[in-house]
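Quick one: structure below, then a few questions.
In what follows, every chain begins at residue 1, and chains take the letters A, B, ... in the order their sequences are listed. Side-chain atoms are counted along with the backbone in the values below, which use heavy atoms only and exclude waters and symmetry mates.
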Protein chains: 4
Amino acid sequence: MVHSSNTRSKDASGRLQRRAEARRLEILRAAARVFRRRGFAATGMREIAAEADLSSGNLYHYFRGKDEILYFCQDRSLERMLEALAAARASDASEATRLREVVRAHVRCLLDELDGSAAHLEVEVLPRELRDPIIDKRDRYERGLRRMIAAGVKTGEFARCDARLVTRAILGAANWTARWFRPEGPRSATSVADSLSDYLIRGLVADCDSPAAPRPAADSGGSR
Amino acid sequence: MVHSSNTRSKDASGRLQRRAEARRLEILRAAARVFRRRGFAATGMREIAAEADLSSGNLYHYFRGKDEILYFCQDRSLERMLEALAAARASDASEATRLREVVRAHVRCLLDELDGSAAHLEVEVLPRELRDPIIDKRDRYERGLRRMIAAGVKTGEFARCDARLVTRAILGAANWTARWFRPEGPRSATSVADSLSDYLIRGLVADCDSPAAPRPAADSGGSR
Amino acid sequence: MVHSSNTRSKDASGRLQRRAEARRLEILRAAARVFRRRGFAATGMREIAAEADLSSGNLYHYFRGKDEILYFCQDRSLERMLEALAAARASDASEATRLREVVRAHVRCLLDELDGSAAHLEVEVLPRELRDPIIDKRDRYERGLRRMIAAGVKTGEFARCDARLVTRAILGAANWTARWFRPEGPRSATSVADSLSDYLIRGLVADCDSPAAPRPAADSGGSR
Amino acid sequence: MVHSSNTRSKDASGRLQRRAEARRLEILRAAARVFRRRGFAATGMREIAAEADLSSGNLYHYFRGKDEILYFCQDRSLERMLEALAAARASDASEATRLREVVRAHVRCLLDELDGSAAHLEVEVLPRELRDPIIDKRDRYERGLRRMIAAGVKTGEFARCDARLVTRAILGAANWTARWFRPEGPRSATSVADSLSDYLIRGLVADCDSPAAPRPAADSGGSR
DNA sequence: TATGAATGAGATTTCATTCAT
DNA sequence: TATGAATGAAATCTCATTCAT
């Protein structure tokens, strides 16, 4: 009884907070869409506001400024990618399979109509304090990929290569999809993700006649 | 035969024109450097002017405006790439060799400290009249790559694949180098170009055990 | 006598009113503190709200707007000063003593940590309708001081002088304390008030050797 | 001969620089006028620009921003006051005469229609990097006054007092003139400066009957 | 009474571009 | 050819105020 008012007000404030959080997400999604279309620097706060359907002044209730919006966009998509990386690591499939899974998730995450954000591709524009944590995350992700590749090379599953360079080649090819992919085009995001990851992994797997003739059991291809 | 005075003035004007042309090139190179560092939208005319060591007002003696500078940057690097494409076509090596040659030239062109311009990577910002001819050239270039790949597939040199998608994967991986390559880093531009093209072509070549008998399987899946 | 129910509700409403009045005072004090720190124009409603520990929207339940807050700050401190002026007038001490009392009260009022408001120092920012009554009060106060000085001059207690100018000199010296006084400093507000009023009055009192026979060479005017 | 072009261009650039410097001064004067009327925070760049007769954007050719304009206003008037202080120190008149001279210069500097700047009165609004050097200068000036007073006390020319407090009283009375003085009023700036300094010094000088034998009494009380 | 959301006007500042010299 | 001055539009951001709850 006595607590009812407290409880109610607590509920109310909880509802409010949840609603505010939801609004923040909507804004981030809207911003990601505009950033993808026009790039960060060329996007105005007014455009973000229009896309999110609020006044430009009101944006500043939810975020400190344009930089912070970009920061959260980047953070969100990096988080998703790190999750995919962790999930792949947890599986016990071959390195090739795990790597393919990560690349597919990466591409799907970029191209996802609703939530997709290529925003993490523009990092240099942020001020130090916001850039550094993003770069940390990005590097953590890249390192994860590199280690997968290096591991595959060690087991002989992958051909010898400069793991760092190949990682970046894969990331480049994957990130580039955000530039050319059109949802109304002939192929779905999922199908693009599949084909692309196939191609990128194929360049990694050791040649079948394998120079020194390493293990017979290769990744995705039995006796091949 | 013209009179000496005419001749002299012609010479003089020729010298002047040549000098002006050289200055234009210097400016384009300077602009390309800044665009690569900061992106087009975030780059100010004053920054370009400072990098090219002239006053911002004076830029307008050489170019109509910022857009035109970007236009010529893009045009120049696309021209160089189209030349490399033509040169590769003229050779009679295998498709793989020719394609590798194009990719190597592409990467070297992007990373070349002096002339490299990653500027063609931002096309959408230009107004129609400047954008359209650039897009034409860019598409011509992409089509050239795609045809090489398709040809290789037809001869069985390359595995079956979606040539459009692989083309874009290759372009993505190659273009991305402009983002991460640091000239002071451990590898030279040429060495990066070599390794990257190796990896990208390897993903294309038909499985080693089947150069003479390409599998009947379809694109990216089939009976595999 | 009213009925109990009425009485009760009247009491309740009285309590409420009293409570609301107290809240208004708290807000005014908080606002005065912020105004003193940052100046009126540079102070935001949110800062006032934060200092008074309520939401910025809620400020508008107590005041019509920022201007009105400033108005009441100024009005309150002017009222206190006018009271001190009246009290001094009511005493039958010498002019010098009465004037010193007013100045001491003025300074203490400004420096008083809790209630002090230097806010009346910014008058011009208010819109006419709010500014005029404040200016009236301020002028009334200044006139009171001026008359004290003029009276002292007439009785020979003070040296001849431009009463208006000396009044303003005194007000300036007194008001300025609000800028430099720090409560954590070596001297208390009261001690500062004492010393300052001593100095300011000493400049007024007629030279010792001429209380009844002022020197022939007066202030700004030769043989007059 | 050969040098003539060089010389000419040098002259031209010298002229340009001088003109630019003159423009900067005009802007500072204009800004000082507006700051005096409306206060720093309440003054918009547009108002400054209008008063200085140029576009608001163009202000940024001459100054980094509003803060820097205030900084230079303050710096200029503090420089003038420090000069007056140094000049007074160089004279060999009595302490009272020297102090009076400084105060007169101070007031004239504030009220001077053309160059006067009360802008140094708002210091706290500046960011650290600009505020610190101003505060240094201001403190140097205040210290100069304080030492003059302390010296006068030592020689017996001035009555015993808290030199710091009296310094601030004098500064307060002097600075306050910027608030109430109207050039179209009955008294000239010079006349105000004279009368005010007379009054302020009179409060300092030792009682007339004791020039040779200053009372042993302490600070603010004694046998008076 | 109280709040957070919302807004529109206006602040400072930037910037591509033009112009006088 | 070259420059610095100048401008107007637009960008980001702030803020007093109002509103729904």
Which donor-acceptor pairs under 3.5 Å do side chains of residues 58-72 of chain B form with protein atoms, sequence neighbours excluded?
residue : atom : partner : partner atom : Å
B:Lys66 : NZ   : B:Phe40 : O            : 3.2
B:Lys66 : NZ   : B:Thr43 : O            : 2.9
B:Glu68 : OE1  : B:Arg64 : N            : 3.0

Could you go through nucleotides 10-14 of chain E and list every protein N or O atom that sits under 3.5 Å from one of its N or O atoms, giving the distance for each pair?
residue : atom : partner : partner atom : Å
E:dT12  : OP1  : D:Thr43 : O            : 3.2
E:dT12  : OP1  : D:Met45 : N            : 3.4
E:dT12  : OP1  : D:Lys66 : NZ           : 3.2
E:dT12  : OP2  : D:Met45 : N            : 2.7
E:dT13  : OP2  : D:Tyr60 : OH           : 2.8
E:dT13  : OP2  : D:Lys66 : N            : 3.0
E:dT13  : O5'  : D:Tyr60 : OH           : 3.3

For this session: Return the 5'-most residue of the pair A:His61, D:Leu59 with respect to DNA chain F, ranking by each residue's nearest nucleotide.
Result: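 Looking at DNA chain F, the more 5' nearest nucleotide goes with D:Leu59.
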For this session: Look up atom CZ in D:Arg29 and atom SG in D:Cys73, then write down how far apart they are to the nearest 0.5 Å.
Result: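 D:Arg29 atom CZ to D:Cys73 atom SG measures 11.0 Å (nearest 0.5 Å).
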Exercise. Please give, in whole Å, the distance from E:dA16 P to B:Glu68 CD?
Worked result: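 Value for this atom pair: 15 Å.
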Exercise. Taking NZ, NE, NH1 and NH2 as the nitrogens, is one of them in C:Arg24 or C:Glu21 under 4.0 Å from a carboxylate oxygen of the other?
Worked result: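 Looking at C:Glu21 together with C:Arg24, the answer is yes, because their closest N to O distance falls below 4.0 Å.
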For this session: Calculate the interatomic distance between B:Arg24 atom CZ and F:dT1 atom P; express it in whole Å.
Result: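 It works out to 11 Å between those atoms.
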For this session: Report the nucleotide, chosen from F:dT7, E:dT1, F:dA2, that has the shortest atom-to-atom distance to any side-chain atom of B:Arg23.
Result: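 Side chain of B:Arg23 sits closest to F:dA2.
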Exercise. How close or far is atom P of F:dG4 from atom CG of D:Leu54, stated in whole angstroms?
Worked result: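 In whole Å, F:dG4 P lies 18 Å from D:Leu54 CG.
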Problem set entry | Nearest-0.5 Å distance that lies between atom CD1 in C:Ile48 and atom CG in C:Asp53 |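 So the gap between those two atoms works out to 14.0 Å.
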For this session: Would you mind reading off the distance between A:Phe63 atom CZ and F:dT14 atom P, rounded to a whole angstrom?
Result: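 Nearest whole value for this atom pair: 15 Å.
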For this session: Rounded to 10°, tell me the angle between the two end axes of the helix from E:dA2-F:dT21 to E:dT21-F:dA2, each built from five pairs.
Result: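 The value is 10°.
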Exercise. Is any side-chain N of the basic residue among A:Arg38 and A:Glu47 closer than 4.0 Å to the acidic one's carboxylate O?
Worked result: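 Salt bridge: yes.
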Exercise. For the pair made of CD1 in C:Ile48 and P in F:dT14, what is the distance, rounded to whole Å?
Worked result: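 Distance check: C:Ile48 CD1 to F:dT14 P gives 18 Å.
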Exercise. In this structure, are over 12 heavy atoms from other groups packed under 6.0 Å from B:Arg37 atom CZ?
Worked result: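 Counting other residues, nucleotides and ligands, CZ of B:Arg37 exceeds 12 neighbours.
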Problem set entry | Test item: C:Arg131 and C:Val125 side chains (from C-beta on) under 4.5 Å apart, heavy atoms |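 No; the side chains remain at least 4.5 Å from each other.
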Exercise. Salt bridge or not for A:Glu26 and A:Arg23, using N-O below 4.0 Å?
Worked result: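 The answer is yes: the pair qualifies as a salt bridge.
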Exercise. Do D:Leu126 and D:Gln74 have side-chain heavy atoms sitting under 4.5 Å apart?
Worked result: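 Contact flag for D:Leu126/D:Gln74 side chains = yes.
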For this session: Could you tell me whether the phosphate oxygens of E:dA2, OP1 or OP2, come under 4.0 Å of any side-chain nitrogen or oxygen in C:Tyr62?
Result: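 Checking E:dA2 against C:Tyr62, a side-chain N or O does come within under 4.0 Å of OP1 or OP2.
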